[in-house]
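Letters A, B, ... are given to chains in the order of the sequence lines, protein chains preceding strands, and every chain is numbered from 1. Given the structure is predicted, the values throughout are model-derived calculations rather than measurements.
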Number of protein chains: 2
Amino acid sequence: MKTRKLFNRISVLRQERNISRKELAKKIGVNFQTVGYLEREEYNPSLDLAFRISECFGLPIDLVFSTEPMRPLSEELLDRKSQNGK
Amino acid sequence: MKTRKLFNRISVLRQERNISRKELAKKIGVNFQTVGYLEREEYNPSLDLAFRISECFGLPIDLVFSTEPMRPLSEELLDRKSQNGK
DNA sequence: ATATATTATTGTATATTTACAACATATATT
DNA sequence: AATATATGTTGTAAATATACAATAATATAT
């Protein structure tokens with residue numbers, strides 16, 4: 001299978017929460033350089049790792065990872081608000 | 001990283017849609033035996049493959065894969081209905 | 001009964017993910 | 001300026017996912 005490049009918001013989410021790669025790495029049980037690779041999108045996580053990361057941020061996988069380039073969270077927020085009529 | 005065993009509903013979803021492993025395999029671009037491995041939960045898919053499978057079924061990843069054993073879809077449906085007050 | 005399609009299983013080879021070490025760069029703090 | 005912390009990068013080794021072939025088992029249809 002020719003794997004597609006996937007996109008993620010790990011670095012944004014991590015910085016929002018003010019934690020270092022080392023801290024995040026410890027929480028999800030991987031080496032801190034692995035977080036680096038993922039943030040640079042140099043390779044895709046396993047599904048298990050993707051679940052751990054999403055759980056760590058308290059978000060569904062689809063908000064953290066995507067097959068399409070990630071839009072800024074701020075934009076996404078706007079869209080969801082207008083959809084809900086809020 | 002010691003990977004956890006993950007659970008999925010691939011075989012149920014596939015049978016609901018009346019397609020063989022071979023057909024599903026072709027759609028998602030993997031070998032048909034790979035579908036077998038996944039359905040038997042002998043190993044976890046990559047995140048990319050998990051995305052392909054979910055897309056193929058038109059469902060969010062979380063409905064197809066989980067860190068917890070899968071409940072029957074019928075039960076899940078009941079819960080969602082009562083949550084929505086429908 | 002036999003032909004056909006589907007699934008299970010096992011083994012080997014390749015690709016990708018992850019760990020880990022080493023070192024460079026940057027940034028902030030004292 | 002020196003120290004500490006965070007990050008980027010490269011290389012190698014280990015673990016896991018995937019491809020693929022072969023064969024067995026099961027079911028379905030004719």
For this session: Using whole Å, report how far CZ of Phe32(A) lies from P of dC20(C).
Result: 11 Å
Exercise. Would you say dT10(D) has OP1 or OP2 under 4.0 Å from some side-chain N or O of Arg40(A)?
Worked result: no
Could you list the donor-acceptor pairs under 3.5 angstrom formed between side-chain atoms of residues 55-75 of chain B and any protein atom two or more places apart in sequence or on another chain?
residue	atom	partner	partner atom	Å
Ser66(B)	OG	Glu68(B)	N	2.9
Ser66(B)	OG	Glu68(B)	O	3.0
Arg71(B)	NH1	Asp79(B)	OD2	3.1
Arg71(B)	NH2	Asp79(B)	OD2	3.3

For this session: Could you state the atom-to-atom distance from CD1 of Ile28(B) to C1' of dA17(D) in whole Å?
Result: 13 Å
Exercise. Quick one: on DNA chain D, does Thr3(B) or Ser20(A) contact a more 5' nucleotide (nearest heavy atom)?
Worked result: Ser20(A)
Seminar exercise, completed: Rounded to whole Å, the CG-P distance (Leu49(A) to dA15(D)) equals 17 Å
For this session: Report the distance from atom CZ of Arg4(B) to atom P of dT16(D), rounded to the nearest whole Å.
Result: 14 Å
For this session: Name the pairing partner of dA14(D), where a pair is Watson-Crick or G-U wobble with both distances under 3.5 Å, or state none.
Result: dT17(C)
Exercise. Less than 3.5 Å between a donor and an acceptor, one on the side chain of Tyr37(A) and one on the base of dT9(D), is that the case here?
Worked result: no
Exercise. If you draw a 6.0 Å radius around NZ in Lys5(B), do more than 12 non-hydrogen atoms from other residues or ligands fall strictly inside?
Worked result: yes
Problem set entry | Distance below 4.0 Å between Arg14(B) side-chain N/O and dT6(C) OP1 or OP2 | no
For this session: Rounded off to whole Å, could you give me the CG-to-P distance for the Leu24(B) and dT7(C) pair?
Result: 10 Å
Seminar exercise, completed: Comparing nearest nucleotides in DNA chain C, the 5'-proximal residue of the pair Met1(A), Lys2(B) is Met1(A)
Exercise. Charged N to carboxylate O under 4.0 angstrom, Glu23(A) versus Arg17(A)?
Worked result: no
Exercise. Taking C-beta and beyond as the side chain, do Ser46(B) and Met1(A) meet within less than 4.5 Å on heavy atoms?
Worked result: yes
Problem set entry | Atom-to-atom span, CZ of Arg52(B) to C1' of dT16(C) - whole angstrom | 13 Å
Exercise. Considering Watson-Crick and G-U wobble pairs with both distances under 3.5 Å, what does dT30(C) pair with?
Worked result: dA1(D)
Exercise. Taking the side chain from Asn44(B) and the backbone from Arg4(B), do they hold a donor-acceptor pair closer than 3.5 Å?
Worked result: yes
Exercise. Nearest-Å distance, CG (Asn31(B)) to C1' (dA21(D))?
Worked result: 9 Å
Exercise. So does Gln33(B) reach the base of dA19(D) with its side chain, donor to acceptor, closer than 3.5 Å?
Worked result: no
Problem set entry | OP1 or OP2 of dA17(D) under 4.0 Å from side-chain N/O of Thr34(B) | no
Exercise. Between Asn44(A) and dT17(C), is there a side-chain N or O to OP1/OP2 distance below 4.0 Å?
Worked result: yes
Exercise. Rounded to whole angstroms, how far apart are CD on Glu23(A) and C1' on dA6(D)?
Worked result: 11 Å
